[in-house]
2 protein chains.
Amino acid sequence: MPESRTRRRGQDLLDAVYAAALDEAAASGPGRLTMDAIAKRAATARTTLYRRWSDPLDLLLDALAAHHPVEQPTPGADDLRGDLIASLRLMVDWGFSPAGRAVMALLADPARDPAVVTALFERVFDRRGGTFTQTVLRHYADRGAIDPARLTPVVLDIGEAMVAKRIMDTGTDPGDDYLAAVVDQAILPAAGVPHRDT
Amino acid sequence: MPESRTRRRGQDLLDAVYAAALDEAAASGPGRLTMDAIAKRAATARTTLYRRWSDPLDLLLDALAAHHPVEQPTPGADDLRGDLIASLRLMVDWGFSPAGRAVMALLADPARDPAVVTALFERVFDRRGGTFTQTVLRHYADRGAIDPARLTPVVLDIGEAMVAKRIMDTGTDPGDDYLAAVVDQAILPAAGVPHRDT
DNA sequence: ACGATAAGATACATGAATGTAGCTAAAACA
DNA sequence: TGTTTTAGCTACATTCATGTATCTTATCGT
């Protein structure tokens with residue numbers, strides 16, 4: 001007999017619903033997210049969803065929050081450039097995940113609800129300590145390789161900004177060449193690290 | 001007798017429909033754009049819209065294309081820093097226009113149609129010559145104030161990327177302080193212009 | 001084994017948007 | 001002036017999502 005006789009409950013069901021919500025958001029865009037579609041994709045009844053969430057956005061926020069925290073950059077011993085590139089690679093990978101795409105679309109929505117954005121930052125972003133390149137830059141500043149005074153909010157955000165815009169513009173994976181160019185031509189000069197000609 | 005007896009045609013009607021489409025896209029987001037809502041806002045009949053466009057997106061693209069080209073940066077004589085800030089100001093103003101918000105949301109949509117993006121670039125962006133800071137940077141490179149070799153695609157895009165991300169993150173106007181910080185701490189160092197301490 | 005909990009399924013009324021059709025009459029052109 | 005074009009209006013069948021109500025029964029805890 002098929003598992004159709006099995007009935008999911010609790011965490012199992014939650015996981016299935018969250019996965020369905022993220023997939024659906026990635027496929028249709030958060031703006032067109034619908035209880036109906038999530039229910040169908042999760043193979044559950046719409047009524048089950050309404051018992052827990054009031055609308056698709058509420059559900060999506062829970063799904064994003066429940067998503068395991070993103071992998072953190074782990075700066076090595078003495079390779080600032082390489083660690084920066086690696087941290088941008090982590091960001092790219094996240095940006096192409098269903099969760100990443102959903103977040104981008106949520107932030108770019110002209111009709112976005114400020115409360116939703118607040119919830120997004122509190123529940124998803126602030127849980128992570130800092131951004132991708134920020135972790136690396138602070139690490140090397142602590143070790144004296146970078147002048148801490150140069151690490152302003154603007155400088156700490158250069159890598160993330162450039163990668164985000166690149167993803168939005170082309171919709172494709174930037175590739176390591178581009179990430180290296182961002183590090184060499186934008187981040188390192190701004191951080192005051194002398195450019196190393198190869 | 002009221003103008004309800006007047007009947008718009010041709011360009012007049014087009015202008016009204018385009019304005020309605022942009023307003024509607026700014027209010028509901030391009031993802032939830034609907035023929036119904038555009039027709040109501042433009043005070044015309046839905047059938048009139050269907051005679052010309054097949055769906056709301058098609059209409060919106062025409063509306064964006066028909067929008068008069070954005071104001072261009074006009075670099076002055078000898079104020080690189082000031083001209084860069086001014087060009088970013090132009091970009092911010094555009095980003096907060098209905099057209100700007102619609103474009104951002106279109107690009108960020110995970111379910112975006114590559115053909116739509118292509119059409120967007122061909123019909124809207126490529127018509128403008130270059131981006132905002134790019135115009136200024138090239139101008140001063142031509143006059144010898146910047147090493148042309150430093151003006152890689154990455155460097156030319158730093159300002160736009162940082163402003164775009166800032167708008168997405170906060171949803172508010174960056175303010176001239178922030179724009180100046182972007183110029184001083186990110187663009188100028190990357191362009192190889194020595195930082196001037198005040 | 002039993003009882004409480006909650007998932008699953010079905011039904012229903014409602015509202016919104018779709019795409020099409022057909023008609024009337026205003027505006028533009030000859 | 002008469003003719004062509006096309007905006008404006010109404011109507012309709014269809015589809016989809018909503019939110020609620022009701023009932024059955026699998027699963028869990030004790």
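Here is the naming used below: chain letters follow the sequence lines, and residue numbers restart at 1 for every chain. Note that the structure is predicted; figures quoted are calculated from it, not measured.
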Under 4.0 angstrom, heavy atoms only, what part of the nucleic acid is [X] near: base, sugar-phosphate, or nothing?
{"X": "T47(A)", "result": "base"}
{"X": "R32(B)", "result": "nothing"}
{"X": "T48(B)", "result": "base"}
{"X": "R8(A)", "result": "sugar-phosphate"}

Residue [X], side-chain heavy atoms: nucleotide from [options] that is nearest:
{"X": "Y50(A)", "options": "dC9(D), dT20(D), dT25(D)", "answer": "dT20(D)"}
{"X": "K40(A)", "options": "dG8(D), dA17(D), dT27(D)", "answer": "dA17(D)"}
{"X": "P56(A)", "options": "dT18(D), dA7(D), dG8(C)", "answer": "dT18(D)"}
{"X": "R46(A)", "options": "dG8(D), dC28(D), dG19(D)", "answer": "dG19(D)"}

Carboxylate-amine/guanidinium contact [X] [Y], below 4.0 Å:
{"X": "D173(A)", "Y": "R166(A)", "value": "no"}
{"X": "D169(A)", "Y": "K165(A)", "value": "yes"}
{"X": "D12(B)", "Y": "R7(B)", "value": "no"}
{"X": "D36(B)", "Y": "R41(B)", "value": "no"}

[X] has an atom [atom1]; how far is it from atom [atom2] of [N], in whole Å?
{"X": "D36(A)", "N": "dC16(D)", "atom1": "CG", "atom2": "P", "answer": "10 Å"}
{"X": "R9(A)", "N": "dC28(D)", "atom1": "CZ", "atom2": "C1'", "answer": "6 Å"}
{"X": "Q11(B)", "N": "dT6(D)", "atom1": "CD", "atom2": "P", "answer": "14 Å"}
{"X": "I38(B)", "N": "dT18(C)", "atom1": "CD1", "atom2": "C1'", "answer": "13 Å"}
{"X": "R51(A)", "N": "dC23(D)", "atom1": "CZ", "atom2": "P", "answer": "14 Å"}
{"X": "D55(B)", "N": "dT20(C)", "atom1": "CG", "atom2": "P", "answer": "12 Å"}
{"X": "L49(B)", "N": "dT20(C)", "atom1": "CG", "atom2": "P", "answer": "14 Å"}

- Less than 3.5 Å between a donor and an acceptor, one on the side chain of R7(B) and one on the base of dA25(C), is that the case here? yes

- Query: For G10(B) and T34(A), take the nucleotide of DNA chain D holding the closest heavy atom to each; which residue's nucleotide lies nearer the 5' end?
  - Reply: G10(B)

- Query: Are R52(A) and dA7(C) close enough that a side-chain N or O sits under 4.0 Å from OP1 or OP2?
  - Reply: yes

- Message: Please confirm whether the shortest side-chain N or O distance from T44(B) to OP1 or OP2 of dA7(D) is below 4.0 Å.
- Response: no

- Task: Could you give me the CA-CA distance, side-chain angles and deciding distance for Y140(B) and D78(B), then say whether side-chain hydrogen bond (donor to acceptor under 3.5 Å, both in side chains) is met?
- Result: CA-CA 8 Å; Y140(B) 282 92; D78(B) 199 25; 5.6 Å; no

